[in-house]
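To keep things clear, I will list the structure first and then write my remarks on it.
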There are 2 protein chains.
Amino acid sequence: MTPPVPLHLSLAGQAVDVLREQVLTGEIPPGSRVNEVEVAQKLGISRGPLREAIRHLASEGLLTLVPHRGAFVPDASPEDVRALFELRTALECAAAELAASRRTDVDLVRLQDVCAESRRNYRAGQPFPYRLDLAFHQTLIEAARSPYIAEQVRLVQQRVVLLRSSLDDDPPHQHASMDDHDELVRAIADGDAARAATVMRRHLSRVCAQMITSLTR
Amino acid sequence: MTPPVPLHLSLAGQAVDVLREQVLTGEIPPGSRVNEVEVAQKLGISRGPLREAIRHLASEGLLTLVPHRGAFVPDASPEDVRALFELRTALECAAAELAASRRTDVDLVRLQDVCAESRRNYRAGQPFPYRLDLAFHQTLIEAARSPYIAEQVRLVQQRVVLLRSSLDDDPPHQHASMDDHDELVRAIADGDAARAATVMRRHLSRVCAQMITSLTR
DNA sequence: AACGTGTCAACTGTCGACAGTTGGCAGTTT
DNA sequence: AAACTGCCAACTGTCGACAGTTGACACGTT
């Protein structure tokens, strides 16, 4: 029952985790460069494993590589956001359809729980935390039981987080999102794949528009 | 007007191209291991760049990494094929929809050209070459003008090629595929996004089933 | 004979150092 | 003063070598 991977993650693996965190939290701001020797010293490792970590993050879209120049944290144009959300929509609509036809009862309970917690948070005056939004989509993906789609959604979500630099949602948008989530759960509960896809598409369309406006202002 | 990337691709980049070719053509058969020192010597490079190439191909799904064991060419189970085609369906159906609404006239001509060449080849008694099937889907993706979706489709197509170990299509399937392609082009020509998605889904469902049967026999 | 144990070779993970390239700066020219 | 040229520092790309881990084989035990 012991995990097949060693408890000691390789240095490269550890570096991936640390760097990913720093990039996603904005600790390494978009547009900035990642100096190999500097970061390697800071992490206490050699350049070899760090390079592998950098390449890995680049393959996830969290860094862009320029030959002989190094790795940069990408900053997004509205056009990028639009194109990225086309991919996200394709993936998550398919996931919504699959979830509607494959969900178990415990999947349904989990989805409802996340929605309920969102409402509680919102009613308590606190803003709808992005954490719960991620949790909802994550739960939905698991209910779809399609490992390849799940993996790709994870990567896209990450890139969305990266672009989401301190995007403080306004309450109307939060309310609409929660309504979308509720409607999605109902469609999935009914096993209505077509409606689940439609609602997901509308939801993501709204989120995308909101991100673009909050990006351009 | 000089290209921004150096004509000298980095050694790692060259190694990626060579290895990708060898994996996709089956020169390195599925299930076999990639020995770092051996391959590095064969390519005349050091282990550093080769390791980066291996990690890159692993991120594309063309190799699987096992800690302290090395890189292996994955061999697929029917379940993998099914899951992979769920992802492919999500991506290519979305691409078909987008292509239907965004295609230009030259896109349409290109699609029709590929279909016509397929027919010519088929009538000439030659088997429907997989090359033309790839060309069709590639052209369709370009017509969709969605860079992120295009990139993901490219990666999925590669993995499909990898699984397609000497899959000699039988003529009935080839004929059905060409009919699907023709119908897709008509739907795209009409700008009928919904029908394009439906046809694409049916087409990929057929291809998936064909691959699984030819894999299990 | 089957099982458990100890040893070993092969390979991956990691490191430090060298070579080649890039962008910027100082100096010179017009 | 503006533009061009040559040089330089910084950084990436690459290499060879060392250390740690893994799987397998041989040996001894029950």
Side-chain angles (χ1 to χ4, degrees), chain A residues 1-20 22-23 28-75, chain B residues 1-20 22-23 28-75:
Chain A
M1 198 50 66
T2 55
V5 294
L7 277 61
H8 263 281
L9 218 54
S10 69
L11 292 187
Q14 292 177 311
V16 166
D17 291 341
V18 173
L19 272 184
R20 181 170 18 225
Q22 292 186 349
V23 169
I28 303 178
S32 67
R33 203 163 68 100
V34 176
N35 186 317
E36 290 187 359
V37 293
E38 180 186 334
V39 175
Q41 286 180 354
K42 195 163 292 182
L43 295 182
I45 64 177
S46 170
R47 276 182 59 215
L50 178 63
R51 276 177 70 91
E52 286 185 5
I54 289 175
R55 304 304 165 114
H56 186 87
L57 291 178
S59 79
E60 291 189 357
L62 262 45
L63 292 175
T64 59
L65 263 39
V66 181
H68 294 288
R69 294 291 322 278
F72 295 79
V73 180
D75 47 353
Chain B
M1 196 47 69
T2 55
V5 294
L7 278 61
H8 276 289
L9 218 55
S10 70
L11 293 186
Q14 293 178 314
V16 166
D17 291 340
V18 174
L19 272 185
R20 190 186 350 243
Q22 292 186 349
V23 170
I28 304 178
S32 68
R33 201 165 67 93
V34 177
N35 186 316
E36 289 187 1
V37 292
E38 179 187 334
V39 175
Q41 285 180 355
K42 195 163 291 181
L43 295 182
I45 63 177
S46 170
R47 276 182 58 216
L50 178 64
R51 276 177 70 91
E52 286 185 6
I54 289 175
R55 304 307 165 112
H56 186 89
L57 290 178
S59 80
E60 291 188 356
L62 262 45
L63 292 174
T64 59
L65 264 39
V66 181
H68 295 287
R69 294 292 322 279
F72 295 79
V73 181
D75 48 352

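A note on names: the letters A, B, ... follow the listed sequences, proteins ahead of strands, and every chain is numbered from 1.
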At a cut-off of 3.5 Å, list every protein nitrogen or oxygen paired with a nitrogen or oxygen from nucleotides 7-11 of chain C, distance to 0.1 Å.
residue : atom : partner : partner atom : Å
C:dC11  : OP1  : B:N35   : ND2          : 2.9
C:dC11  : O5'  : B:N35   : ND2          : 3.2
C:dC11  : O3'  : B:R33   : NH1          : 3.2

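Going from atom CG of A:L65 over to atom P of D:dT12 covers 10 Å, rounded to whole Å. In this structure, the CG atom of B:L9 is 15 Å from the C1' atom of C:dT21, given to the nearest Å. The distance between atom CZ of A:R47 and atom P of D:dG16, rounded to the nearest whole Å, is 16 Å. Atom-to-atom, CG of A:L11 to P of D:dA19 comes out at 16 Å; the value is rounded to the nearest Å. The distance from atom CZ of B:F72 to atom C1' of D:dT22 is 11 Å, rounded to the nearest whole Å. Between A:I45 atom CD1 and D:dA19 atom C1' there is a gap of 17 Å when expressed in whole angstrom units.
From B:L62, atom CG reaches atom CD1 of B:I54 across 12.5 Å, with rounding to the nearest 0.5 Å.
Evaluation of the side chain to side chain contact (heavy atoms under 4.5 Å, CB included) rule for A:Q22 yields A:V18, A:L19, A:E27, A:I28 as partners, not counting sequence neighbours. Partners of B:I45 by side chain to side chain contact (heavy atoms under 4.5 Å, CB included), not counting sequence neighbours, listed by chain and number: B:L11, B:A15, B:L43, B:P49, B:L50. B:R51 pairs by the side chain to side chain donor-acceptor pair (under 3.5 Å) definition with A:E52, B:E36, not counting sequence neighbours.
Residues in residues 56-66 of chain B take part in these side chain to side chain donor-acceptor pair (under 3.5 Å) pairs, two or more places apart or across chains: B:R20-B:E60, B:H56-B:E60, B:E60-B:Q158.
Between B:P74 and B:L63 the shortest heavy-atom distance is CD-CA, 3.9 Å. Considering every non-hydrogen atom in both B:V73 and B:P29, the closest pair reads CB-O, 3.7 Å.
Taking a 4.0 Å limit (strictly below) on heavy-atom distances, residues 49-62 of chain A reaches DNA chain C at A:P49.
You'll find the side chain of A:L9 reaches within 4.5 Å of the side chain of A:D17, heavy atoms only.
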